[in-house]
Number of protein chains: 2
Amino acid sequence: MARVNSVRPQSGSGSPTLDEVARVAGVSRATASRAINGGQRVSPRAQSAVDLAVRTLGYVPNPAARSLVTRRTDSIAVVVPEPDDRVFTDPFFAGTLRGVTRVLGERDIQLVLLLARPGASTARTLRYLTGRHVDGALVVSHHRDDRLAEHLSDIGLPCVFGGRPWTGGDRVAYVDVDNTAGEREVTELLITGGRTRIGTVAGPSDMTAAADRLAGWRQAMTAAGLAADAVEHGDFTEESGVHATRALMERHPDLDGLVVASDLMAAGALRVLAELGRRVPDDVAVVGFDDLGVAERTTPTLTTVRQPVVAMAERATRLLLERVDQAEGSHPMRLIIPPALVRRDSA
Amino acid sequence: MARVNSVRPQSGSGSPTLDEVARVAGVSRATASRAINGGQRVSPRAQSAVDLAVRTLGYVPNPAARSLVTRRTDSIAVVVPEPDDRVFTDPFFAGTLRGVTRVLGERDIQLVLLLARPGASTARTLRYLTGRHVDGALVVSHHRDDRLAEHLSDIGLPCVFGGRPWTGGDRVAYVDVDNTAGEREVTELLITGGRTRIGTVAGPSDMTAAADRLAGWRQAMTAAGLAADAVEHGDFTEESGVHATRALMERHPDLDGLVVASDLMAAGALRVLAELGRRVPDDVAVVGFDDLGVAERTTPTLTTVRQPVVAMAERATRLLLERVDQAEGSHPMRLIIPPALVRRDSA
DNA sequence: CAAAAGTTTGGGAGCGCTTCCACTAGACGC
DNA sequence: GCGTCTAGTGGAAGCGCTCCCAAACTTTTG
């Protein structure tokens with residue numbers, strides 16, 4: 001401890017190592033390591049010596065070396081198998097990322113954004129995840145054919161899906177809103193309101209959220225003895241909502257209700273209806289899905305189904321971290337959030 | 001080579017290691033490593049033996065071990081010192097991320113999203129970056145007091161700023177649009193159009209983009225001998241644009257021109273003007289800044305200054321990767337993009 | 001045909017960290 | 001007074017990889 005030695009970092013070889021900290025603190029590398037990581041089984045004396053050394057040296061542990069032995073990286077991936085331009089315009093992703101970062105911020109875990117463009121790069125994503133660059137993965141918006149659920153469960157990487165996966169739903173955990181119930185209820189709202197000719201602008205048919213919402217609409221329609229034949233698909237963007245609504249109104253000019261699978265698409269629908277001179281809700285009642293800000297800003301404001309995206313993302317992230325912590329084990333769990341109707345002016 | 005040995009991965013100890021690949025391929029670990037990394041100095045025979053072993057074993061290199069020795073992590077951070085709710089609503093960030101991911105996708109580099117909330121977590125961000133978790137950093141929207149430029153240049157981590165940093169601009173590289181020139185020109189447009197009473201809704205005064213645009217407006221005004229006294233600050237959000245415009249119009253009801261420092265704020269301004277019954281552009285001409293989609297969707301559509309955000313982010317990322325590659329050296333470089341006026345209906 | 005030059009190869013030394021384990025001191029009980 | 005605990009410590013063994021270097025082999029050349 002009283003040993004005289006040079007205190008300066010060894011020959012400017014870059015950042016100081018644990019070895020140097022130990023030398024400066026006058027303890028062994030093992031003790032220094034313990035002191036830095038929580039300080040179990042370390043005397044107060046040694047602890048403060050190490051603390052001081054860390055501070056004077058400006059020591060920061062080398063993450064690669066650490067994770068080589070701990071087998072942890074303290075980072076998780078958010079996987080978004082979606083063309084990048086869609087990701088960054090949809091408030092759904094914005095909300096998701098917000099929820100994730102909020103939870104991650106509580107602990108010292110970082111977020112790796114994995115944008116898997118369609119096709120080829122799924123393989124790359126998979127390779128990345130297999131390589132254990134991250135401790136876990138949150139898959140956000142996946143499509144039928146990426147088979148991500150199976151692949152991830154094969155790899156054995158802790159993961160949670162945001163939204164029910166197509167297949168392998170029994171092998172992975174997921175958090176989802178009850179899409180079917182939500183769309184059913186909001187459709188029933190229109191029916192109760194006296195609408196009899198209700199069409200739907202559904203989402204892309206390779207996504208479960210879209211399929212489930214479509215199913216909800218169908219259930220309500222058939223239960224009420226109404227024809228469930230006016231269906232058009234979009235891809236959740238406003239643009240696609242415009243096209244789908246145009247097509248729908250052309251084929252079924254008599255529609256008096258429109259159940260749209262996302263607010264963004266509903267905003268497009270409202271624009272088309274305005275062009276067509278139909279009054280909303282007088283001539284045509286319109287409902288959306290999501291309630292992430294857009295619904296409040298349309299004219300008229302949108303009656304919709306609220307999907308608490310931020311909260312869901314937080315839950316999903318917590319779930320993921322739990323699974324990461326208790327390593328393996330813990331069988332898949334699903335968390336289904338009840339949807340909430342939000343009545344505004346469009347229906 | 002003809003040695004008989006068990007080919008199956010050693011005792012289910014998790015993922016196969018390079019050692020196992022080497023054993024299966026009948027070569028040394030060194031040769032296997034070479035074969036896997038580019039295959040310089042490897043005979044075709046050995047190469048294919050290794051390739052086969054990799055494939056049958058499903059080998060994926062352990063990134064921690066690799067980066068422990070290479071001192072590369074093959075990932076870069078995008079640092080956003082901004083409250084998370086702003087990040088995900090502003091099309092500016094969306095565009096930036098898009099540019100970044102596009103370039104990163106070309107190589108096998110991952111993106112770590114570092115959202116530094118104001119205050120305390122800047123320290124954490126800095127610690128993370130100091131720890132060399134990433135090979136470089138792209139700082140996107142920084143504020144005056146985070147002093148990120150100095151800190152990063154101290155750390156010695158390759159970094160590029162999106163937008164001129166407040167201080168330390170001579171020590172770090174950055175890519176920026178010529179904010180001053182852009183705002184000056186668009187102001188001159190109003191002046192040429194015969195407007196004489198032109199106010200401005202500026203951005204937050206702790207951001208260089210805002211300060212530079214304000215300066216551009218001032219230059220044009222004073223050069224034309226007009227009073228540059230109608231100034232109000234917002235924070236680039238639509239909401240703040242509403243407040244600022246309201247305050248501005250109250251104090252200066254005679255304004256016939258409005259130079260707004262972002263399209264989002266300009267959208268807010270348009271709403272206020274509509275409320276106030278002023279016709280745009282007849283009574284008041286309005287111009288924005290950014291042109292990232294919002295400007296096309298307002299009523300009337302917005303005359304604005306185009307900032308090619310995606311392209312800029314791409315350039316910035318390329319610049320960053322260059323700096324990462326040639327390690328250290330290469331003195332700071334700045335890339336100033338000329339702005340482009342986009343004429344629409346609002347002025 | 002030997003020497004020189006080039007090409008492949010494997011041994012081995014780390015990269016910086018955590019953690020097992022054996023060991024030393026005091027604290028404590030009888 | 002002497003075992004018996006317990007808290008604290010350091011030595012050393014890896015984690016899985018890259019890369020230097022010298023050895024072994026192949027080709028070229030005089």
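To find a chain, count down the sequence lines: A is the first, B the second, and so on, and within it residues start at 1. Source: prediction; values computed, not measured.
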**Item:** N/O (side chain, S43(A)) to phosphate O (OP1/OP2, dA7(D)) under 4.0 Å
**Value:** no
**Prompt:** Taking the side chain of L18(A) as its heavy atoms from C-beta onward, which of dT18(C), dG10(D), dT18(D) lies nearest to it?
**Reply:** dT18(C)
**Request:** Take atom CG of N62(B) and atom P of dG16(C), then tell me their distance rounded to the nearest Å.
**Result:** 17 Å
**Asked** Which whole-number value in Å describes the distance from D19(A) CG to dC17(C) P?
**Response** 8 Å
**Message:** Please classify the nucleic acid contact of R66(A) as base, sugar-phosphate, or nothing, using heavy-atom distances under 4.0 Å.
**Reply:** sugar-phosphate
**Item:** Interatomic distance where CD belongs to Q40(A) and P belongs to dC20(C) [whole Å]
**Value:** 14 Å
**Prompt:** Could you give the CD1-to-P distance, from I36(B) to dG16(D), as a whole number of Å?
**Reply:** 14 Å
**Request:** Kindly write out the residues that satisfy side-chain hydrogen bond (donor to acceptor under 3.5 Å, both in side chains) with D135(A), not counting sequence neighbours, or none if the list is empty.
**Result:** R72(A), T73(A)
Extract from the structure each pairing of a protein N or O with an N or O of nucleotides 19-28 of chain D at less than 3.5 Å, listing the distance.
none

**Item:** Sub-4.5 Å side-chain heavy-atom contact between V172(B) and P165(B)
**Value:** yes
**Message:** If I take atom CZ in residue R71(A) and atom P in nucleotide dC17(C), what distance separates them, rounded to the nearest angstrom?
**Reply:** 18 Å
**Carboxylate-amine/guanidinium proximity below 4.0 Å for D74(B) and R107(B)** = no
**Close side-chain approach of R334(B) to D176(B), heavy-atom, < 4.5 Å** = no
**Asked** Rounded to whole angstroms, how far apart are CD on E20(B) and P on dG16(D)?
**Response** 9 Å
**Prompt:** Taking all atoms of both residues into account, what is the closest heavy-atom pair of Q40(A) and R34(A), and its distance?
**Reply:** O-CD, 3.8 Å
**Prompt:** Roughly how many Å is it from CD in Q47(A) to P in dA7(D), rounded to a whole number?
**Reply:** 16 Å
**Prompt:** Using a cut-off of less than 4.0 Å, is there contact between a side-chain N or O of T17(B) and OP1 or OP2 of dG16(D)?
**Reply:** no
**Item:** Atom pair distance, as rounded to whole Å: CZ in R72(B) and P in dC17(D)
**Value:** 19 Å
**Request:** Identify, with sequence neighbours excluded, every residue that meets side-chain hydrogen bond (donor to acceptor under 3.5 Å, both in side chains) alongside H143(B).
**Result:** E82(B), D206(B)
**Prompt:** Among dG10(C), dT9(C), dT18(D), which nucleotide sits nearest the side chain of R41(B)?
**Reply:** dT9(C)
**Prompt:** Under 4.0 angstrom, heavy atoms only, what part of the nucleic acid is A46(B) near: base, sugar-phosphate, or nothing?
**Reply:** sugar-phosphate
**Message:** Would you call the rings of H133(B) and Y128(B) parallel, tilted or perpendicular, taking 30° and 60° as the class edges?
**Reply:** parallel
